[in-house]
Participant: 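There's a structure below that I have some questions on.
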Amino acid sequence: MSNELMQQKIEKAQRWIDCRKQVVKDGNMRQHYHFMAQAGWINDPNGLIYFKGKYHFFYQCNPYEGFWGSIYWGHAVSDDMLHWEYLPLALAPSEVYDEHPRGGCFSGSAIEHDGRLFLMYTAAANEGRGVEQTQCIAYSKDGIHFEKYHGNPVLTAPEGIEANQFRDPKVWKHEDTYYMVCGASRDGKGQALLYQSKDMLHWTFFNVLAESRGEWGYMWECPDLFELDGRQCLICCPQGVKPSGVDYWNVHQCTVMALDYDFDNHMGREIPPDAIAMVDRGFDFYAPQSFLDESGRRILIGWMGIPDADYTNPTTQAGWQHALTLPRVLHWKEGRLVQSPVPELQQMRCNERTYALGQLNLAGEEGIVFEGCFLFESCRHMCLTLRRGVTLTFEDGLLTLDMGTAGSGRTKRCARLEKLRELQVFSDTSSLEIFVNQGREVFTTRVYGLEGGIRLEG
């Protein structure tokens, strides 16, 4: 009966989406080549996986309005991560453990097990003492229609962990054992907890993978542990980190930590401060998730948004909010995370034009949807206008993105560089993704100035 109720809620939400999607699609701020929900709200990418010849993207969504609410899982598939087919919603809040006006089916991940596609997600519900978060399972034979496991929840918060701060399971398999890392808060300090299982259904605590000493926040959301070019990496989103110099100026952060955890002996070493870095320096990047594709690439997708921000998104007036980032290939080079747009994006290139740097002045043109590649042999200072009022400047080793009047409350974000050698800019209708020096730094932001014009001064 429980899965029948979920199906009824999915069908009702799909009817609403079908009624709204054309109006939303026709809006003047809809993206051209970034993934969005068809209507309503979208946030964390979830369950990213290559399964039975298709890329599957799941994502948190509220199909009924452009704001956070009771959360469902949306679902889409693709052959190339560029062109998407929307499928029926995968999960709807329908049980006592995941039905709550401000709860629902929160973030999680996907894995293939016994020929079926398993989703592990955080369920959020009101259990009388506030919102309680537990970890639950759903599965599917065809990768489209899901049913929730009758034994849910499979994990509740361990003793000492706040019941409303235990979420975002990321699952993987090593040899014959499944592992899962989950975000938590203990005594006001963020943690990443490790669990293990032999069958995906019965889980036992393994160890604390890593934790905050206080300065790294009170809660670690969306942890993602993986090996990259011989280095253990933990990407997570610490909440409660204070600004430092040009770093950590968003309300919540996204960081990458270089780890050295010994799974055989259940031991980890203390993380030195210089082993932690920002993943993205823009205003709108949070809750990323990575996966391995069929060729072994580590691909990362992020939410082009952030919780609790004091800036706004005027698309809410049209009934939708937020988008996902472009897929990025990850590498570890020279002691740091490097992100590159997937090469598949080159298929979308057209109308190529080349300019000498001193001749680029398109101030009278209206185009705001473009990819721009800028190469510098020697650059001490420059000012690149990306659209009217939005500039990227380099001066005295400081690269600054200034949103001007197009940021809807967004102001400036910066990065320190030894040299500026290369910029790759992806400008969509209402977003910018800027890859600096072949992805050694990245700025991701929403932008709402619709007047074009590219100009480079230096």
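Note that the coordinates shown come from a computational prediction; the quantities given were computed from them, not determined experimentally.
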Participant: When you look at F106 and Q60, which way does the side chain to side chain contact (heavy atoms under 4.5 Å, CB included) test go after all the steps?
Facilitator: CA-CA 7 Å; F106 285 8; Q60 282 193 48; 4.2 Å; yes
Participant: Taking the side chain from S109 and the backbone from P169, do they hold a donor-acceptor pair closer than 3.5 Å?
Facilitator: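 Looks like yes, one N/O pair under 3.5 Å.
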Participant: Quick one: does V390's side chain get under 4.5 Å of V447's, heavy atoms only?
Facilitator: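 V390 vs V447: side chains touch.
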Participant: Under 3.5 Å, side chain of N62 to main-chain N/O of F67, donor-acceptor pair present?
Facilitator: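 Looks like yes, one N/O pair under 3.5 Å.
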Participant: Inspect the contact between E433 and R328 and indicate whether a charged nitrogen and a carboxylate oxygen are less than 4.0 angstrom apart.
Facilitator: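 Salt bridge between R328 and E433, a charged N being under 4.0 Å from a carboxylate O: yes.
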Participant: Assess whether a salt bridge exists between K333 and D229, defined as any Lys/Arg side-chain N lying under 4.0 Å from an Asp/Glu carboxylate O.
Facilitator: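 Salt bridge between K333 and D229, a charged N being under 4.0 Å from a carboxylate O: no.
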Participant: With sequence neighbours left out, what residues match R336 under side chain to side chain donor-acceptor pair (under 3.5 Å)?
Facilitator: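 In terms of side chain to side chain donor-acceptor pair (under 3.5 Å), with neighbours along the sequence ignored, R336 is linked to E441.
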Participant: Regarding Q133 and Q165, is there a side-chain donor-to-acceptor distance under 3.5 Å anywhere?
Facilitator: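 On atom types as modelled, these side chains do not qualify, holding no pair under 3.5 Å.
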Participant: Might you work through the side chain to side chain contact (heavy atoms under 4.5 Å, CB included) test for L330 and V338, ending with a clear yes or no?
Facilitator: CA-CA 6 Å; L330 301 186; V338 176; over 6 Å; no
Participant: Give the C-alpha distance, both sets of side-chain angles, the deciding distance and a yes or no for side-chain hydrogen bond (donor to acceptor under 3.5 Å, both in side chains) between E221 and Q239.
Facilitator: CA-CA 8 Å; E221 290 198 312; Q239 297 184 325; 3.1 Å; yes
Participant: Would you call the rings of Y139 and F118 parallel, tilted or perpendicular if under 30° counts as parallel and over 60° as perpendicular?
Facilitator: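 Y139 vs F118 ring planes: tilted.
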Participant: Heavy-atom distance under 4.5 Å between the side chains of P45 and F57, does that happen here?
Facilitator: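 A side-chain contact is absent here, since even the closest heavy-atom pair is not under 4.5 Å.
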Participant: Between F35 and Y59, how do the two ring planes meet: parallel, tilted or perpendicular, split at 30° and 60°?
Facilitator: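 The rings of F35 and Y59 stand perpendicular, inter-plane angle above 60°.
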Participant: Report yes or no: does D168 contribute a side-chain atom to a donor-acceptor pair with the main-chain N or O of G108 at less than 3.5 Å?
Facilitator: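 The answer is no, because no donor-acceptor pair under 3.5 Å joins these two groups.
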Participant: Do the side chain of T325 and the main chain of G302 share a donor and acceptor less than 3.5 angstrom apart?
Facilitator: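 Side chain of T325 to backbone of G302, a donor-acceptor pair under 3.5 Å: yes, one is there.
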Participant: Taking V369's backbone N and O only, do any of them form a donor-acceptor pair with D428's side chain (distance below 3.5 Å, no angle check)?
Facilitator: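 Side chain of D428 to backbone of V369: no pair is present.
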Participant: Using the six-membered ring wherever Trp is involved, compare the ring planes of Y50 and Y55 and label them parallel, tilted or perpendicular (cut-offs 30° and 60°).
Facilitator: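 Correct class here is perpendicular.
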Participant: Regarding D98 and Y121, do their side chains bring together a donor and an acceptor under 3.5 Å, going by distance alone?
Facilitator: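 Present: a donor and an acceptor within the cut-off.
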Participant: Checking side chain to side chain contact (heavy atoms under 4.5 Å, CB included) for the pair I137/L119: CA distance, chi angles, key distance, verdict?
Facilitator: CA-CA 6 Å; I137 293 283; L119 307 180; over 6 Å; no
Participant: As an exercise, state the distance from CD of Q339 to CZ of R298, rounded to the nearest 0.5 Å.
Facilitator: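 It comes to 13.5 Å.
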Participant: Do S431 and R446 have a side chain donor and acceptor closer than 3.5 Å?
Facilitator: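 Short answer, no.
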Participant: Would Y286 and N250 count as having a side-chain donor-acceptor pair, cut-off 3.5 Å?
Facilitator: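 Side-chain D/A pair, Y286 to N250: absent.
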Participant: Measure the spacing between CG of L225 and CG of L259 and express it to the nearest 0.5 Å.
Facilitator: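 Rounded to the nearest 0.5 Å, the CG-CG separation comes to 6.5 Å.
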Participant: Going by the rule salt bridge (charged side-chain N to carboxylate O under 4.0 Å, His left out), which residues pair with E334 if we only count those two or more places apart in sequence or in a different chain?
Facilitator: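 Result, salt bridge (charged side-chain N to carboxylate O under 4.0 Å, His left out) vs E334: R440.
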Participant: When you measure from the side chain of W220 to the backbone of S185, do you find a donor-acceptor pair of N or O atoms at a distance under 3.5 Å?
Facilitator: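 No; zero donor-acceptor contacts below 3.5 Å.
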Participant: Can you find a side-chain donor-acceptor pair between Q7 and N3 that sits under 3.5 Å?
Facilitator: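 N3 and Q7 do not have a side-chain donor-acceptor pair below 3.5 Å.
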Participant: Does CG belonging to D18 count more than 12 external heavy atoms closer than 6.0 Å?
Facilitator: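 Buried by this count: over 12 neighbours within 6.0 Å.
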Participant: Would you mind checking if D284 and R413 are paired as a salt bridge, meaning a charged N to carboxylate O distance below 4.0 Å?
Facilitator: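 Judged by the 4.0 Å cut-off on N to carboxylate O distance, R413 and D284 do not form a salt bridge.
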Participant: Among side-chain atoms of S140 and D142, is any donor-acceptor pair under 3.5 angstrom?
Facilitator: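 The answer is yes; a qualifying pair exists.
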Participant: Could you list all the ring-ring contact (aromatic ring centres under 6.0 Å, His included) pairs where at least one residue sits in residues 304-330, not counting sequence neighbours?
Facilitator: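 Counting only pairs at least two positions apart or across chains, the ring-ring contact (aromatic ring centres under 6.0 Å, His included) contacts touching residues 304-330 are W41-H322, F283-Y311, W303-H322.
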Participant: Specify the closest pair of heavy atoms between Y72 and P63, including all atoms of both residues, with the distance to one decimal.
Facilitator: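 In terms of heavy atoms, the two residues are closest at CD1-CD, 3.7 Å.
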Participant: Going by atom type alone, with no hydrogens or angles, which donor-acceptor pairs under 3.5 Å involve a side-chain atom of residues 81-92 and a protein atom two or more places apart or on another chain?
Facilitator:
{"from": "H83", "atom 1": "ND1", "to": "D80", "atom 2": "OD2", "distance (Å)": "2.8"}
{"from": "Y86", "atom 1": "OH", "to": "M36", "atom 2": "O", "distance (Å)": "2.5"}

Participant: Assess the residue pair S107 and K170 against the criterion (side-chain hydrogen bond (donor to acceptor under 3.5 Å, both in side chains)); give the C-alpha distance rounded to whole Å, side-chain angles, the decisive distance to 0.1 Å, and a yes or no.
Facilitator: CA-CA 9 Å; S107 284; K170 177 65 188 298; over 6 Å; no
Participant: Check the surroundings of atom NZ in K52: do more than 12 heavy atoms from other residues, nucleotides or ligands lie under 6.0 Å from it?
Facilitator: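 Atom NZ in K52 is packed in, count exceeds 12.
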Participant: Using the rule given for side chain to side chain contact (heavy atoms under 4.5 Å, CB included), can you reason through S430 versus Q31, listing the C-alpha separation, both sets of side-chain angles and the distance that settles it, and then say yes or no?
Facilitator: CA-CA 6 Å; S430 55; Q31 304 270 59; 3.4 Å; yes
Participant: Tell me, please, which residues at least two apart from W216 pass ring pair (Phe, Tyr, Trp, His ring centres under 6.0 Å).
Facilitator: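 Y248.
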Participant: Do any N or O atoms from the side chain of D402 and from the backbone of G404 form a donor-acceptor pair under 3.5 angstrom?
Facilitator: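 Yes, D402 side chain to G404 backbone: donor-acceptor pair under 3.5 Å.
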Participant: Under 3.5 Å, is there a donor on one side chain and an acceptor on the other for Y97 and N152?
Facilitator: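 Yes - a donor-acceptor pair under 3.5 Å links their side chains.
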Participant: Mind checking the NE2-CE spacing from H252 to M219? Nearest 0.5 Å is all I need.
Facilitator: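 Reported value, rounded in 0.5 Å steps: 11.0 Å.
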Participant: Give me the ring orientation class for W73 and F58: parallel if the planes are under 30° apart, tilted from 30 to 60°, perpendicular past 60°.
Facilitator: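 Rings of W73 and F58: tilted, 30 to 60°.
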Participant: Rounded to the nearest 0.5 Å, what separates atom CG in L337 from atom OG1 in T255?
Facilitator: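 Separation between the atoms: 11.0 Å.
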Participant: Side chains of residues 190-198: which donor-acceptor partners sit under 3.5 Å, not counting sequence neighbours?
Facilitator:
{"from": "Q191", "atom 1": "NE2", "to": "E211", "atom 2": "OE1", "distance (Å)": "2.9"}
{"from": "S197", "atom 1": "OG", "to": "D199", "atom 2": "N", "distance (Å)": "3.1"}
{"from": "S197", "atom 1": "OG", "to": "D199", "atom 2": "OD1", "distance (Å)": "3.2"}
{"from": "S197", "atom 1": "OG", "to": "M200", "atom 2": "N", "distance (Å)": "2.9"}
{"from": "S197", "atom 1": "OG", "to": "H202", "atom 2": "O", "distance (Å)": "2.8"}
{"from": "K198", "atom 1": "NZ", "to": "D176", "atom 2": "OD1", "distance (Å)": "3.3"}
{"from": "K198", "atom 1": "NZ", "to": "D176", "atom 2": "OD2", "distance (Å)": "3.4"}
{"from": "K198", "atom 1": "NZ", "to": "T177", "atom 2": "OG1", "distance (Å)": "2.8"}

Participant: Are the aromatic ring centres of F291 and F226 under 6.0 angstrom apart?
Facilitator: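 No, the ring centres sit 6.0 Å or more apart.
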Participant: Checking ring pair (Phe, Tyr, Trp, His ring centres under 6.0 Å) between Y179 and each of F206, W203, Y261, which is the one that passes?
Facilitator: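 Only one of F206, W203, Y261 forms a ring pair (Phe, Tyr, Trp, His ring centres under 6.0 Å) with Y179, namely F206.
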Participant: Determine whether a donor-acceptor pair (N or O, by modelled atom type, separation under 3.5 Å) exists between the side chain of T429 and the backbone of M29.
Facilitator: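 Answer holds: no.
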Participant: Is a donor on one side and an acceptor on the other found under 3.5 Å between the side chain of N207 and the backbone of L209?
Facilitator: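 A pair under 3.5 Å: no.
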Participant: What do the steps show when you test R167 against E132 for salt bridge (charged side-chain N to carboxylate O under 4.0 Å, His left out), and what is the final call?
Facilitator: CA-CA 10 Å; R167 54 185 176 268; E132 181 174 9; over 6 Å; no
Participant: Identify which one of H75, H56, H113 satisfies the ring pair (Phe, Tyr, Trp, His ring centres under 6.0 Å) criterion when paired with F51.
Facilitator: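 Answer after filtering H75, H56, H113: H56.
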Participant: On the ring face of F443, is R281 found with NZ or CZ under 6.0 Å from the centre and within 45° of the axis?
Facilitator: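 No.
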Participant: Between K9 and E11, does a salt bridge (charged side-chain N to carboxylate O under 4.0 Å, His left out) hold up when you go through it step by step?
Facilitator: CA-CA 5 Å; K9 296 190 73 171; E11 291 173 356; over 6 Å; no
